Structures are given as C-alpha cells and as structure tokens.
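Let me begin by presenting the structure, written as structure tokens, before commenting on it.
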Amino acid sequence: MPTIQFGDVQVEVDEDGFVQDPKQWTEDLARYLAKQEEGLDNLTEDHWKVIHYLRDYYQQFGIAPMIRKLCKDTGFDLKYIYELFPSGPAKGACKLAGLPKPTGCV
Amino acid sequence: MANSKTPRLDELEKGRWPSFVKIMKRAAVKKPAAGDLLKQLELSYEEKVGHWKHGGIVGVRGYGGGVIGRYSDRPDRFPNVKEFHTFRVNQPSGWFYTSSALRQLCDIWDKYGSGLTNFHGATGDIILLGAPTENLQPCFDELSEHGFDLGGSGSDLRTPSACVGPARCEYACVDTLDLCHTITQEFQNELHRPMWPYKFKIKISGCPNDCVASIARSDLSVIGTWRDSIQVDPQAVAAYADQGLDIQGEICGKCPTRALSWHPERKELEIRREECVRCMHCINKMPKALRPGRERGATLLIGGKATMKESAFLGWVIVPFMKMEPPYTELLDLLRRIFNWWDERAKNRERIGELIYRLGMRAFLHDVGLPPVPQMVARPRANPYYYWRPEEVRSNG
C-alpha cells in the first residue's frame, strides 16, 4: 500500500490516492491534497462547504452521499462542483475530504 | 509449444477464424503491456479467477466519466499491466470514419496506451484498452485536439448510438444519424458528469428491423416506423411471383397478424393497414416491391436492460408514433421529464425499467404526462401493467 509523507505522519493511501483511515484526516491534509491532487493553491469557503458536508454525511451514514443529494444539500449544481474540484465529486471532493474511495459501476 | 509461456491461450490461435491471441502477441513485440496482458490472462485460465481488481477511480479533469480504472491484482508478476485503464471514445453517428481519422486515433493510442483497441464496445464507443494513470490526461488532451471526445461511463447518460440509417439503408424511416448527434450534443453535461442513480442508454434504429438491438439494450429505444400503409409496387410484386417466390406461403403465411392476402389469379397483394404491426417481414422478403409507408416517424420504448436487480427486460412502448424532425423538441422535452422522474425516485443502481416495475406504469405515464394508449399492450385484456387511477373509474350503478 503506498503512503504519502505529510509533515511527521505517514498517511496510507490506495492506488488512486484515497486516504485509507478517515481518522487521519485534518484540514491541513485536505489543503495538502488539494495542492497535490487538484492543483489548487487555496481552498475557498465553497470548497470547505463541500468537504465538511461530505465528512459530516460520511460520519453519520458511513457512506458517501449520492451526487444528487450532494448538489441539493449544498445548493451547488454539478457543473460548479467540477469547477471547484476539477476531478469531480468522487475523485476530487471525496478524496480531499478523506473519505474512502466511493464504489461505482463502470 | 512445450516452451510457450501461454499454452492455454495458444489453443485459441488454432483454426481459421481471427484470434485475439494472435493479435495481442503481435502487439507484444512493440508493447510490453500487451505481453503482460496475455500472461495475466493465461494465469486466469489456469486458476479460473480474474486478476483485475474491481473499481478504481481514474479520470480526466472536468469529466467524471469516459475512463474506466483497471488495476492488476498481481502487479508483482505483471508490472506492465499494473495500471491498465480503459478509455471510451465517443463514436461518430453510425460508425462512419475516414481512414485518416482512424490512423490519427491509432497514432495517439500507440503513443500513450497499449495500442490495443476494441471497435466497438456494447454502448457503441471506440474502446482504447490499457493506459497507465499518468498518461490519461495527456492522451485525452491530444484526443481532444484532434476532435475526439470521451463517451459515457458510470452512472450517467451512456454514449447514444444509432444504426447507419439513411446513409446506407433504404428502410430508414428517421434520420438516425442526425438524431443521435443531436441527443449527444444536447446532453453533454449528463454524458460527461455522472449524477444519476445509474446508467441510462439511448439507442436509435431507423426501422423495426432494429439493427442496433435497441429494444433489448437501451433504456430509451427509438425505432423508426410509419403510420400509413406499406408502399407497394404491384409490378415488382408480380415479378417476384413470376420468379417463383411462394408469396402465399412465405409472405402471407408468415405475417404475424395475417394482414396480407395474395390473389394469385390477379397477382395482387392486398395489405390491411389496420392489421399490420410493422414487423418488416414482408418488406425484408420483397425489398424491391414493398417499402415502408410515406408518413414516417418513430416508436419510443422504455426500460430495456440486461439482468441486474430484476431479470432482463425488453422495452415497453410508451409512444406509438412521434414525428422525428429537427429540432426534435418533443423528444428532447420528453427525455428531460423522464430523466427527472427517474432521478428523483430511483434507488441507487436502479434502472428506469426496474423503477417502473416497482412503482407501476400508471405512475410513470401520469407523472411524465403520457396518455395510456392501446398500442402499449399486445391485445385487449392482456394487460399486466396498466391499472386505472381510482378517480378515473366510474361506477355503472
């Protein structure tokens, strides 16, 4: 399993770069991943709104929300979410929020 | 053969038919990934287990679909297929290419991927097999520069596809190519950015022969048809008879609704329009004499799919006849209503056919604003799907 060295801690990630242990997540880690994975130098209020929403949902239900629900609850349409996170809600936003890789069909 | 590293696969090179093993071995001379792909498959044949890991999220910036992640679960033995992702590239309507476009595509794929392709996948896309993660974005960028775009994957609108239609076929009742292109352009967001409960496929056939098998393979199937009578050229009918075609036995006898009568003394074929179900049998048998009618459009069917939550479904008729002319406003509006209805109600990974099965055709028709009509059922009282709403039932008492 690959790891990323972040400050003093080693964080285990899967082959797509998703953090394996959600407990290791911090806001600093999100900023670091934003730079590394999405090329984002800073995270705006809207970025944090999505990230915190995803974390809260995951902590409550143990899975990532459906994309429709994410859009509805944040009030952002999907196109805007792709503007915020160019890799998209799953590969971008969920990764930054430290959620395990969402499963889906090809 | 004793020294071969792939004795099981070698069996598939025998015989006179084309062999993917042969092709992959040839590709392996240039591309180590093709060689490891064969060796991994040999191991799968030996152990009777697949060695691809399920899932994986890879993609290109701005898109959620179009690339499918594939990782080997034995990267220790097959390092060149450690990452072997698939691109779906949106095919042109009716799969027409210039040879130079194909060369361009293959040059790009030789540069970034394994060089192996699959023309075409079940959705109709060009499938480019096997690229490492770091090559995905540059490969996509170069494909885009040359005018190619990715197709759908995941829970989105899958790449619409259509038969060759009027470009190559005299039976085409609608311009399948233009309609397919229009739908693809209209729903770019739905195609590239998955947000639905599951996949949604649209396929378009120009006539009831349904050459793209849309009725079995698409959630929304558009099949060209006509609503007047089959066009008959009486002299050509007589010519078929003179050439020895058994019109009574082969044509009239095999008409599923007995809509045809043959008068041998006058060499005349009589067609009862109201009995005809547009099965195409007589037209296929006598193409020089019979043609689809003049008043043309399409039948829309919903819910076709392969077995998942429920068994395999064929599409149900929801609109017996709709004119199909640019700008196709009526169809596009109906599609939007259908997408919304499904998106709001479906459980995760529930296809629209399964949702209709669960909630009932009555609810579907009512909510998307379609009237129930007799063409939706095979014959009176053979109606397993439609139940009247309570307020529509009037007591006789």
Side-chain angles (χ1 to χ4, degrees), chain A residues 1-2 4 13-20 33-40 50 53-54 57-58 61-106, chain B residues 52-73 75 82-88 121-123 125 127 132-133 136-137 151-156 158 188-190 192-199 308 339-340 342-351:
Chain A
M1 194 64 75
I4 48 173
V13 295
D14 74 357
E15 67 267 355
D16 290 321
F18 283 80
V19 176
Q20 290 302 91
L33 289 171
K35 176 84 188 134
Q36 292 296 311
E37 301 282 330
E38 295 287 75
L40 300 170
V50 173
Y53 170 78
L54 288 171
Y57 190 96
Y58 180 74
F61 301 105
I63 52 162
M66 281 167 81
I67 288 170
R68 181 183 174 76
K69 186 140 181 60
L70 166 72
C71 294
K72 218 170 160 183
D73 291 350
T74 56
F76 301 152
D77 70 15
L78 188 56
K79 237 179 171 169
Y80 183 62
I81 290 187
Y82 274 88
E83 279 169 31
L84 292 173
F85 304 94
S87 303
K91 188 171 165 261
C94 282
K95 193 189 280 182
L96 268 53
L99 269 57
K101 180 159 59 194
T103 53
C105 171
V106 296
Chain B
W52 298 111
K53 282 204 249 183
H54 183 74
I57 292 194
V58 290
V60 296
R61 292 169 76 85
Y63 282 14
V67 189
I68 298 127
R70 283 282 178 275
Y71 295 96
S72 169
D73 71 358
K82 179 169 176 265
E83 296 159 353
F84 199 76
H85 310 312
T86 301
F87 272 105
R88 290 205 181 128
T123 37
D125 303 90
I127 309 290
T133 310
L136 296 177
Q137 188 67 43
S153 72
S155 297
D156 66 5
R158 297 303 180 82
Q188 282 286 295
N189 198 32
E190 288 78 358
H192 294 309
R193 288 174 270 277
M195 65 170 302
W196 284 338
Y198 205 11
K199 57 187 151 188
M308 272 301 274
F339 293 156
N340 281 336
W342 169 59
D343 195 13
E344 276 169 15
R345 290 163 180 79
K347 297 175 185 171
N348 198 20
R349 294 189 163 212
E350 187 172 42
R351 298 280 286 273

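As the structure is a prediction and not an experimental result, all values here were calculated from the model. In what follows, every chain begins at residue 1, and chains take the letters A, B, ... in the order their sequences are listed.
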Identify every side-chain donor-acceptor pair in residues 79-93 of chain A under 3.5 Å, counting partners at least two apart or on other chains, and give the distances.
residue: A:Tyr80; atom: OH; partner: A:Asp46; partner atom: OD2; Å: 2.5
residue: A:Tyr82; atom: OH; partner: B:Gly64; partner atom: N; Å: 3.2
residue: A:Ser87; atom: OG; partner: A:Glu38; partner atom: OE1; Å: 2.4

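For B:Asn189, the part sitting under 4.5 Å from any heavy atom of chain A is the side chain, from C-beta outward, and nothing else. For B:Asp156, no part sits under 4.5 Å from any heavy atom of chain A, backbone or side chain. With a 4.5 Å cut-off on non-hydrogen atoms, B:Glu344 touches chain A through its backbone and its side chain both.
For the set B:Asn348, B:Asp343, B:Val58, the entry with the most heavy-atom pairs within less than 4.5 Å of chain A is B:Asp343. Considering only heavy-atom pairs separated by less than 4.5 Å from chain A, the leading option among B:Lys82, B:His192, B:Arg193 is B:Arg193.
Across all non-hydrogen atoms, the minimal contact from A:Leu78 to B:Met195 is CD2-CB, 3.4 Å.
A distance of 11.0 Å separates CE in A:Met66 from CZ in B:Arg349, rounded to the nearest 0.5 Å. One finds the CH2 atom of B:Trp196 at 12.5 Å from the CD1 atom of A:Ile67 (value rounded to the nearest 0.5 Å).
With salt bridges taken as basic N to acidic carboxylate O contacts below 4.0 Å, one links A:Glu15 and B:Lys53.
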